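This one's a predicted model, so the numbers in the text were calculated from it and none came from an experiment. As a basis for the values below, the full set of heavy atoms in this structure was taken, side chains included, without hydrogen atoms, waters or symmetry mates. Naming: A, B, ... by sequence-line order, numbering from 1 per chain.
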Number of protein chains: 2
Amino acid sequence: MTTNSDPVYLKIKKELLQRIRQGELRPGDKVEHEEIIAQQYDCARATVHRAIRELAEEGYVERKRRAGTRVASAGNRATRVTIPLVRQEIEARGAKYRFNVLEREIVTPSGVAGAALSSDRALFLRLIHFANEAPFQLEERWINLETVPQAEHATFEMTNPNEWLVETSPYSEAEHFFSAENANKAQAKLLELDENDALFVIERRTHLEGDAITYARLLHPGANYRMTAENFSFSTKN
Amino acid sequence: MTTNSDPVYLKIKKELLQRIRQGELRPGDKVEHEEIIAQQYDCARATVHRAIRELAEEGYVERKRRAGTRVASAGNRATRVTIPLVRQEIEARGAKYRFNVLEREIVTPSGVAGAALSSDRALFLRLIHFANEAPFQLEERWINLETVPQAEHATFEMTNPNEWLVETSPYSEAEHFFSAENANKAQAKLLELDENDALFVIERRTHLEGDAITYARLLHPGANYRMTAENFSFSTKN
DNA sequence: AGATTGAATATGTATGGACATATTAAAAAT
DNA sequence: ATTTTTAATATGTCCATACATATTCAATCT
């Protein structure tokens with residue numbers, strides 16, 4: 001609900017959103033002009049503009065110059081997913097975090113990793129992450145040594161590759177893919193599962209200004225892993 | 001890159017983001033005050049404010065009154081996932097969409113569905129969705145008949161339940177969960193898979209002002225299903 | 001009828017000023 | 001030395017106004 005202490009633009013936003021949620025304004029319906037709403041709330045047009053602009057950014061309405069504002073057609077709305085760092089994810093559950101480097105090798109990446117990195121030299125790493133000594137995530141990672149040459153001499157004993165990379169180039173762009181796979185024999189053994197058990201797979205490609213940095217596959221036992229997507233405007237809070 | 005035709009606030013936003021991406025401004029670093037940037041760009045403070053506010057909303061910087069603006073610590077950044085309507089998803093691939101209602105029954109939901117709906121009467125539906133006559137998604141859905149009584153007499157012959165619900169209460173709030181499971185015998189048969197093949201599972205709970213509307217489980221063959229998460233500020237476009 | 005031109009209009013951006021408010025740092029009082 | 005009070009400051013919101021620009025609708029010309 002709308003709090004008295006809310007700034008005016010938020011009040012307008014919430015009340016409009018409520019009218020949409022409750023079906024008073026249905027997809028395709030026109031929303032009043034900014035000037036008219038400004039009169040209703042006795043405020044400046046800029047204030048109304050901000051309210052409706054934010055609703056547009058969140059996908060609730062569509063705006064066109066001269067044509068006005070309409071409630072957007074529903075369906076395929078965007079949700080937010082936060083992909084956590086393993087350590088945080090594990091420690092947030094109150095468990096002890098530990099990881100282990102199983103493999104470390106300089107390779108010429110091929111296949112998916114090759115396509116993702118487009119580089120001749122990469123550092124390949126295979127790691128396992130534990131929560132309270134129980135296998136939590138199996139990680140296969142390629143780091144592009146052409147764009148991140150420092151990786152060649154990093155030990156990855158104290159900080160895992162993910163944390164190391166976040167430290168090294170903090171705000172690189174990332175793409176994520178989610179899928180499900182059956183565990184092969186090796187994966188099953190490392191994760192203490194049976195062969196063919198379902199795995200929840202997160203793939204991540206990061207790049208900086210077009211240059212590929214890393215490609216990683218993060219494999220979780222499907223039986224107890226669950227990823228949550230939040231709504232954009234939760235209830236009427238925002 | 002910054003286009004000449006970009007509005008000033010976008011120019012400021014992009015150039016600040018670039019300084020963060022390239023590591024000139026690192027996590028924890030202070031960003032200049034709004035007034036100073038306004039001087040540099042010869043614009044009003046409100047213009048700078050909008051640029052930095054949007055960067056804050058996207059998680060790149062953190063702002064505190066009196067304390068100023070600092071580059072946020074990286075890691076666990078949010079990404080956007082769009083959960084498409086099956087029909088759109090299938091037709092977007094150029095395939096023919098068809099669905100089939102396999103089961104339809106009024107039940108008292110128990111287990112996860114019961115917890116999600118907290119209702120005594122629900123319509124349970126089991127459906128299969130085809131792409132070019134190949135099984136694409138298996139759907140198990142409970143619709144709360146206390147909040148959506150009209151569902152009891154809906155046929156779901158032309159419009160599938162998802163589309164029907166989007167039509168009925170367009171902007172309800174939704175939560176999504178992703179996970180991986182092994183197909184049981186029945187699921188495998190319906191999806192034309194082998195038993196134990198990995199399934200990519202999307203669970204969805206929707207509610208309207210606190211009242212539960214529906215709970216659905218959407219099961220995809222893991223072998224060829226892949227969900228993509230986009231970045232928030234793609235490159236430097238936004 | 002069809003194409004071209006020309007207003008009308010709703011949104012988009014921007015200004016420069018004002019006041020509110022959270023938070024910090026310095027000053028004063030204990 | 002520690003706590004309390006006070007002032008300084010950066011961000012947050014808002015206004016009234018102005019002009020830019022995309023898009024529609026009507027008027028005009030071929």
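Listed nucleotides D:dC15, C:dG12, C:dT24 differ in distance to A:Thr47; the shortest reach to its side chain belongs to D:dC15. In the set D:dG12, D:dT24, D:dA18, the nucleotide with an atom closest to the side chain of A:Arg45 is D:dA18. For B:Ala67, counting side-chain heavy atoms from C-beta on, the closest listed nucleotide (C:dT24, C:dT11, D:dC14) is C:dT24. You'll find that the side chain of A:Ala44 is closest to D:dA16, out of C:dT11, D:dA16, C:dA14. Among the nucleotides C:dT11, C:dT24, D:dA16, the one closest to any side-chain atom of A:Thr69 is C:dT11. Counting only heavy atoms from C-beta on, B:His49 has its side chain closest to D:dT11 among C:dT11, C:dT13, D:dT11.
Taking the centre of each ring, A:Phe178 and B:Phe200 stay at or above the 6.0 Å mark.
Between A:Glu34 and A:Arg66, the residue anchored nearer the 5' end of DNA chain C, judged by the nucleotide with its closest heavy atom, is A:Arg66. Nearer the 5' end of DNA chain D, as judged by each residue's closest nucleotide, is the contact made by B:Gly68, out of B:Gly68 and A:Arg50.
Listed pair A:Arg63 / C:dG12 meets the phosphate criterion, a side-chain N or O lying under 4.0 Å from OP1 or OP2. Phosphate proximity of D:dT13 to A:Tyr9: present, with a side-chain N or O under 4.0 Å from OP1 or OP2.
Distance B:Lys30 NZ to D:dT9 P: 13 Å, rounded to the nearest Å. A:Ile12 places its CD1 atom 8 Å from the P atom of D:dC14, with the value rounded to the nearest Å. Distance, A:His33 NE2 to D:dT24 C1': 12 Å, rounded to whole Å. As rounded to whole Å, 18 Å separates atom C1' of D:dC15 from atom OH of A:Tyr41. Going from atom CG of B:Asp42 over to atom C1' of C:dT13 covers 16 Å, rounded to whole Å. At whole-Å resolution of the value, CZ in B:Arg65 and C1' in D:dT13 are 8 Å apart. In this entry the distance linking CZ of B:Arg53 with P of D:dG12 reads 8 Å, nearest Å. A:Asp6 places its CG atom 13 Å from the C1' atom of D:dG12, with the value rounded to the nearest Å.
By the 30° and 60° cut-offs, the orientation of the rings of B:Tyr215 relative to B:Trp142 is tilted.
Geometrically, B:Arg226 engages A:Phe177 in a cation-pi contact defined by less than 6.0 Å to the ring centre and at most 45° from the axis.
Checked against A:Ser172 for a side chain to side chain contact (heavy atoms under 4.5 Å, CB included), the options A:Val148, A:Thr206, A:Thr214 give a single hit: A:Thr206.
Between B:Arg87 and B:Glu91 there is a salt bridge, since at least one side-chain N of the basic residue sits less than 4.0 Å from a carboxylate O of the acidic one.
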